[in-house]
Protein chains: 2
Amino acid sequence: MLPESAADSPNARILETARRQLFAYGYNALTMDDLAHELGISKKTLYLHFPGKDAIIGLIIEGIGRTIRAEMEAVLNDAALNFAQKLRGVVDVVAPRLAQTSPAMLRELQRYAPRIHQKIDELRQKNIPYVFGRLFRAGIAEGAVRADLDPDFAAQFWLQAMRGLTHPDTLATTHLTPRQTLEKALELFTGGLLTPGGRKDYEKLFPR
Amino acid sequence: MLPESAADSPNARILETARRQLFAYGYNALTMDDLAHELGISKKTLYLHFPGKDAIIGLIIEGIGRTIRAEMEAVLNDAALNFAQKLRGVVDVVAPRLAQTSPAMLRELQRYAPRIHQKIDELRQKNIPYVFGRLFRAGIAEGAVRADLDPDFAAQFWLQAMRGLTHPDTLATTHLTPRQTLEKALELFTGGLLTPGGRKDYEKLFPR
DNA sequence: ACTTTGGATACTACTATAGTTTCCTAAGAT
DNA sequence: ATCTTAGGAAACTATAGTAGTATCCAAAGT
């Protein structure tokens, strides 16, 4: 009955295994039978740790959200970075996550676990305006972003654009992956967003 | 009752729509209800054209196989190409197909439609030895491939390596996409395959 | 010996969907 | 105007897959 570290508690191990399965094969392919088998425990024990499948996935999503949020904070709070570097940092945090989030999986969640899909959307709605609002304000303060625009509105604009663009049906139409969508949207958005000075810094860090 | 061209017959339209759904969202997400709805026809009419879901998918797979095979023939029969150019051509035929074949979809097929998965494997077992056997023989004839190796064995070697590497479970372990797997495997395989002369031609066309 | 922990697995309840059928409407034919 | 037929909408059936529960049993500690 020793108090266990959070890192290697049974719960953490279960969540980590489930996360791998989920991102590798999707929602339906992650069955409780398989998960228990993979972990070398019985379903009985599995249900002893978690009340159900959606609870597990919910915690996975929340964990990812927390991680991303923390990494974002680190970038935003680093006074040594200029605007373009912070933007680079923010994109580098998000891009790997998007790369392993397939349109197929999002669609599966939307269809078979709408509550989970909704939770992801809520996380985005909460975090994107916050992060990009701060980012744009910092950009304005240092003259890299046009001072005449409203940073919060710009953040919302970005959120709504990304929400629409990463919707499964849209992705099917554009034939783009979430990651490509991010890159293209970013190029477009910044092209109209930056002052000539900010544009130069940007181009150094995002070579064509 | 005019005879319809093969291109826009109802059957071709159904297959094309089903193919898009299949590659965009996977096997389970392709339901007969949705397919009929998408096509603007009733399930009754759909089942009038095809005996069932797996028949449709089987025809899709066969069609892709035929297309690839024809493109391969065109490359192999082009006397103007040297070995490295033919290899480049063959890879360029396969790579786009692999790019849209996700590990998740393969796994889904393996689990829910083992017959289909098996059919894909059979197509590979038939075509890879044939194509690469011919390719290697041509390479030997022009001195780009070591003359002391058996081209059919090399083709089998390649087949077996690719089969193992693109198995869903392997992909989950390597964290590679099928396409990355192809590129990495190709680099490795040719590195030990070519004479110094063939190696030079190869490096011109596959810059590091 | 007694108790506890947890694995294997049978079982239940439910959902999703492949495939079938029934009914009905509308457009062309007579 | 009536008849015929093609095909859409949707109800229906049968079945497979799986979330979640319960039962049984073996091993390890007490």
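Just so it is clear, the structure is predicted and the values come from calculations on it, not from any experiment. Protein chains get the first letters and strands the later ones, always in sequence-line order, with residue 1 at the start of each.
- For A:Tyr112, whose side chain is taken as the heavy atoms from C-beta onward, the closest listed nucleotide among C:dT17, C:dA18, C:dG7 is C:dT17.
- Taking only side-chain atoms of A:Ser42, from C-beta outward, the nucleotide of C:dG7, C:dG19, D:dG20 with the closest atom is C:dG7.
- Of the candidate nucleotides D:dG7, D:dA19, C:dG7, D:dG7 has the atom nearest to the side chain of B:Thr45.
- Distance CD1 (A:Ile14) to P (C:dG6): 11 Å, rounded to an integer number of Å.
- The residue among B:Asp54 and A:Ile41 whose nearest nucleotide of DNA chain C is located toward the 5' end is A:Ile41.
- Rounded to whole angstrom, the span from the NE2 atom of B:His37 across to the P atom of C:dG19 amounts to 20 Å.
- When the C1' atom of C:dT15 is taken as reference, atom CG of B:Asp33 falls 14 Å away, rounded to whole Å.
- Applying the 4.0 Å criterion to OP1 and OP2 of D:dT18, one finds that B:Arg111 has a side-chain N or O inside that range.
- For B:Gln85 (side chain) and B:Asn82 (main-chain N/O), a donor-acceptor pair under 3.5 Å exists by modelled atom type.
- Between A:Lys44 and C:dG6, a side-chain N or O to OP1/OP2 separation shorter than 4.0 Å is absent.
- For A:Glu38 and C:dG7, the CD to C1' distance is 17 Å, given to the nearest whole Å.
- Atoms CG (A:Leu46) and P (C:dA8) sit 13 Å apart, rounded to a whole Å.
- For B:Arg69 and B:Tyr130, the positive end sits near the middle of the six-membered ring, less than 6.0 Å away and at most 45° from its axis.
- Computed from coordinates, the A:Asn28 CG to C:dT17 C1' distance equals 12 Å when rounded to whole Å.
- Contacts of B:Leu48 with the nucleic acid, taken as non-hydrogen atoms under 4.0 Å apart, are absent.
- Salt-bridge check for B:Glu73 with B:Arg134: passed, with a basic side-chain N closer than 4.0 Å to an acidic carboxylate O.
- Here C:dG19 is the nucleotide among C:dG19, C:dG7, D:dT21 with the atom lying nearest to any side-chain atom of B:Lys53.
- The environment of CZ in B:Phe23 is crowded: more than 12 heavy-atom neighbours from other residues, nucleotides or ligands sit within 6.0 Å.
- No hydrogens or angles were tested; on distance alone, a donor-acceptor pair under 3.5 Å links the side chain of B:Lys43 to the base of C:dG19.
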